[in-house]
Amino acid sequence: MSDRNNKEFESYVRDIALNEEFCKLDAVSEIHHGITRYEHSMRVARNTFKMCKFFNFENIKDITRAALLHDFYVNADMGEASSAKRLGLHPAIALNNALKYYDLNEIQKDIIVKHMFPVTKSFPKYKESWLVTLVDKTVSAYEMLKYKVPTYAGIYYLFMMELVATNK
Ligand SMILES: [Fe+2]
Ligand SMILES: [Fe+2]
């Protein structure tokens, strides 16, 4: 991104990025697709911002901020829910957490609560919600391939090396 766009992006997200509760998403316990949920959220927000620029969206600040807040939860918020259940539960929890700190308009609420479509059954209502759900899926796939698959491949490799070594 250009310097100018970078500055614009940062001016939109700075207060959220520094929010003490939001910063808890950056803990090692909050690893998500091989990186922290904070880093994932930042990547989703940044790429949403870029797409908004590309498509000339007018409410770019609102969309970017909602994109940053889309996964605003910590694992403790999920209680005993299984990984599969978390997929469907976390958007509503993220929205609830976001509303504790920020006033959100209808589009922003829809962006957060529908971002897991089609796991959560209801259709995104606005083009902005479609945009963020697509950016989130693209970013998640990228992160899995870049961070998670290599981690598992590394563990598998070490395991196999150990196995081969003990068969000497
Ligand atoms: Fe999510
Ligand atoms: Fe996400």
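Only this structure's heavy atoms are used, side chains among them; waters, hydrogens and symmetry mates stay out. Read the numbers this way: they start at 1 and go in the same order the structure lists the ligands and their atoms.
The atom name of the N/O/S atom in D71 closest to the Fe ion (ligand 2) is OD2. As for H70, its N/O/S atom nearest the Fe ion (ligand 2) is the one called NE2. Nearest N/O/S atom of H40 relative to the Fe ion (ligand 2): this is NE2. Per residue H90, closest N, O or S atom to the Fe ion (ligand 1): atom name NE2. Taking the N/O/S atoms of D136 in turn, the shortest distance to the Fe ion (ligand 2) belongs to OD1.
The cationic atom of K114 (NZ for Lys, CZ for Arg) does not lie both less than 6.0 Å from the six-membered ring centre of Y126 and within 45° of the ring axis.
Counting backbone and side-chain atoms alike, H115 contributes no N/O/S atom closer than 2.8 Å to the Fe ion (ligand 2).
Using modelled atom types, one finds a donor on one side chain and an acceptor on the other under 3.5 Å when comparing T133 with K137. Side-chain contact check for N97 and E21: no donor-acceptor pair (N or O, by modelled atom type) lies under 3.5 Å.
Among the candidates K61, R14, K50, K53, the single residue satisfying the salt bridge (Lys or Arg N to Asp or Glu O under 4.0 Å) test with E8 is K53.
Between atom CG of residue L95 and atom NZ of residue K109 there is a gap of 7.5 Å, rounded to the nearest 0.5 Å.
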